[in-house]
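Taking it in order: structure first as structure tokens, then the write-up.
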Amino acid sequence: MSMTANTTTDTPARPRKIALITGGSRGLGRNAALHLARAGIDVVLTYLNNAEDAAGAVAEIRALGGQAVALQLDTGKTAEFDSFVIRLRDALRTGWGRETLDFLVNNAGIGIHKSFAETTEDDFDLLMNIHLKGVFFLTQRLLPVMNDGGRIVNLSSGLARFSMPGFAAYAAMKGGVEVLTRYLAKELGPRGISVNVVAPGAIETDFGGGAVRDIPEMNRAIAAQTAMGRVGMPDDIGGAIATLLGGETQWITGQRIEISGGMLL
Ligand code: NDP
């Protein structure tokens with residue numbers, strides 16, 4: 001066989017892209033992971049308590065022909081981040097033979113619905129630690145693990161644009177993540193890393209006790225305020241996140257993209 005023929009035949013396959021999704025055991029993170037798997041992108045997902053749901057997500061991804069692993073992480077506890085990065089590198093080396101990521105989705109989160117007057121300092125600190133401080137420092141710790149040319153998607157909320165009673169602390173953190181996104185885009189741009197923030201409207205997940213999904217009056221009221229005439233489903237968000245990561249969208253950076261079906265336009 002000639003050298004030329006050999007060279008052509010032996011061209012190595014391009015390495016599969018890998019995304020880290022925080023809070024990938026349920027809801028929007030899990031849905032995004034499945035959309036990514038269908039697009040040929042592998043996933044490291046994290047969970048807080050639900051090891052069983054996380055294992056289920058990994059099994060679903062594998063059934064789609066993708067590769068995945070689940071790691072425990074409390075994104076509200078910065079003291080655990082250094083040891084998480086060590087476990088992440090181990091998992092990447094074991095599963096993929098490398099120690100780097102292409103994509104990061106800062107998705108993990110909780111909702112606390114309380115009026116401004118009733119919100120305690122503990123409520124505020126919990127929301128801040130998960131939704132703002134955790135996103136800030138986890139992303140910082142992951143910088144050496146991210147490949148140049150990678151992409152980051154943060155999760156905000158429609159509530160950072162429009163205001164509804166009961167979400168002052170939560171929405172303030174999401175507003176912070178939107179500003180942080182622009183700064184990350186500016187500082188990581190020289191490495192070719194794009195950073196955007198998606199702001200879902202109300203989506204039927206377990207979030208906030210599953211209120212949007214399980215309380216019919218609330219579901220109807222939100223649908224009535226939405227151009228598309230219904231509340232959002234996880235596929236409405238997971239597909240868009242997968243497109244931002246896997247599509248031809250690298251030139252989009254520093255942007256807030258609301259994915260709400262036109263809520264409160
Ligand atoms: P879900 O409640 O369905 O899922 C939450 C996920 O986050 C789970 O995987 C959970 O892990 C994980 N998680 C929760 N707390 C922590 C923590 N401290 N550390 C690590 N992981 C944690 O929520 P959604 O999927 O609906 O929400 C995902 C994101 O989207 C959140 O940032 C939320 O603020 C945002 N969002 C959601 C909207 C909605 O209407 N659903 C609207 C706008 C924004 P485990 O399974 O182990 O508990």
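Every number for a ligand or one of its atoms is a count from 1 in the order of the listing.
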- request: Ignoring angles and geometry beyond distance, decide whether S157 reaches within less than 3.5 Å of ligand 1 through its nitrogen or oxygen atoms.
  value: no

L184 CG to L180 CG distance, which is reported to the nearest 0.5 Å: 4.0 Å

- request: Find the distance between OG1 (T249) and CG (N196) and round it off to the nearest 0.5 Å.
  value: 7.5 Å

- prompt: To the nearest 0.1 Å, how far is atom 12 (C) of ligand 1 from its closest protein heavy atom, and which atom is that?
  reply: G23 CA, 3.7 Å

Identity and separation of the nearest protein heavy atom to atom 21 (N) of ligand 1: A108 CB, 3.4 Å

query: Should P200 be counted as touching ligand 1, given the test is an N or O pair under 3.5 Å?
result: no

Nearest non-hydrogen protein atom, atom 18 (N) of ligand 1: D74 OD1, 3.0 Å

query: Of the listed options (G209, G109, A199), which comes nearest to atom 7 (O) of ligand 1 when hydrogens are ignored and any heavy atom counts?
result: G109

message: Taking atom CZ as the centre, does F124 end up with more than 12 heavy-atom neighbours from other residues, nucleotides or ligands that are less than 6.0 angstrom away?
response: no

- request: Check whether any N or O atom of S25, backbone or side chain, sits under 3.5 Å from an N or O atom of ligand 1, and answer yes or no.
  value: yes

field: Among L20, L155, L138, I21, side chain to side chain contact (heavy atoms under 4.5 Å, CB included) partner for N106
entry: L138

field: Lys/Arg-Asp/Glu bridge criterion (N-O < 4.0 Å) met for D102, R16
entry: no

task: Mark the output for T46 as yes if a heavy-atom distance to ligand 1 is under 4.0 Å, and as no if none is.
output: no

- request: Please determine if R230 and D236 form a salt bridge, counting it only when a charged side-chain N lies under 4.0 Å from a carboxylate O.
  value: yes

- request: Provide, to 0.1 Å, the distance between atom 27 (O) of ligand 1 and the closest protein heavy atom, together with that atom's residue and name.
  value: F207 CD1, 3.9 Å

- request: Write out the residue and atom name of the closest protein heavy atom to atom 39 (C) of ligand 1, then the distance separating them to 0.1 Å.
  value: I203 N, 3.7 Å

task: Please indicate whether E187 has more than 12 foreign heavy atoms, meaning atoms of other residues, nucleotides or ligands, lying under 6.0 Å from its CD.
output: no

- request: Give every residue pair that meets the side-chain hydrogen bond (donor to acceptor under 3.5 Å, both in side chains) criterion with at least one member in residues 122-132, sequence neighbours excluded.
  value: K114-D123, T120-D123, H131-K174

field: Atoms in ligand 1 flagged as close to G27, the criterion being non-hydrogen separation under 4.0 Å
entry: 3 (O), 25 (O)

- prompt: Does D53 come within less than 4.0 Å of ligand 1, judged by its heavy atoms?
  reply: no

- prompt: Going by atom types only, do R161 and S260 share a side-chain donor-acceptor pair under 3.5 Å?
  reply: no

message: Check contact between K77 and ligand 1, using heavy atoms of the residue and a distance below 4.0 angstrom.
response: no

message: At less than 4.0 angstrom from any non-hydrogen atom of I130, what atoms of ligand 1 do you find?
response: 18 (N)

statement: heavy-atom search around atom 31 (C) of ligand 1 in the protein gives N107 O, 3.1 Å

message: Need the ligand 1 atom indices (1-based, order shown) with element for anything under 4.0 Å from a heavy-atom of R26.
response: 2 (O), 8 (C), 9 (O), 10 (C), 45 (P), 46 (O), 48 (O)

field: Sub-4.0 Å atoms of ligand 1 with respect to non-hydrogen atoms of A202
entry: 40 (O)

query: Does G201 have a non-hydrogen atom less than 4.0 Å from ligand 1?
result: yes

message: What I want to find out is whether D90 reaches R87 closely enough, with some N-O distance under 4.0 Å, to be called a salt bridge.
response: no

- prompt: Going by the order shown, which atoms of ligand 1 are within less than 4.0 Å of some heavy atom of S156?
  reply: 43 (C), 44 (C)

message: Below 4.0 Å from ligand 1: does a non-hydrogen atom of L155 turn up there or not?
response: yes

- prompt: Is F136 atom CZ crowded by more than 12 heavy atoms from other residues, nucleotides or ligands, each under 6.0 Å away?
  reply: no

field: Closest protein heavy atom (residue, atom, distance) for atom 24 (P) of ligand 1
entry: T205 OG1, 3.7 Å

- line: Residues passing the ring pair (Phe, Tyr, Trp, His ring centres under 6.0 Å) test with F167, sequence neighbours excluded, are H113

- prompt: For ligand 1, which atoms, with element, lie under 4.0 Å from some heavy atom of L73?
  reply: 19 (N), 20 (C), 21 (N)

field: I61 CD1 to D42 CG distance, which is reported to the nearest 0.5 Å
entry: 8.5 Å

message: Under a 4.0 angstrom heavy-atom cut-off, which atoms of ligand 1 come close to Y47?
response: 47 (O)

field: Residue pair N154 / T181, side-chain donor-acceptor N/O under 3.5 Å
entry: yes

field: Reference residue N147; test side chain to side chain contact (heavy atoms under 4.5 Å, CB included); the match among K17, R191, R98
entry: R98

query: Taking atom CE of M228 as the centre, does the number of heavy atoms from other residues, nucleotides or ligands within less than 6.0 Å exceed 12?
result: no

- prompt: Are any of the N/O atoms in N50 less than 3.5 Å from those in ligand 1?
  reply: yes

- prompt: Does ligand 1 have any atom that is closer than 4.0 Å to a heavy atom of H131?
  reply: yes

task: Return the residue, atom name and 0.1 Å-rounded distance of the protein heavy atom closest to atom 34 (O) of ligand 1.
output: Y170 OH, 2.6 Å

query: Purely on distance, is any nitrogen or oxygen of G158 under 3.5 Å from one on ligand 1?
result: no

query: Based purely on interatomic distance, does V212 place a nitrogen or oxygen under 3.5 Å from a nitrogen or oxygen of ligand 1?
result: no

- prompt: With only distance considered, is L28 within less than 3.5 Å of ligand 1 through an N or O on each side?
  reply: yes

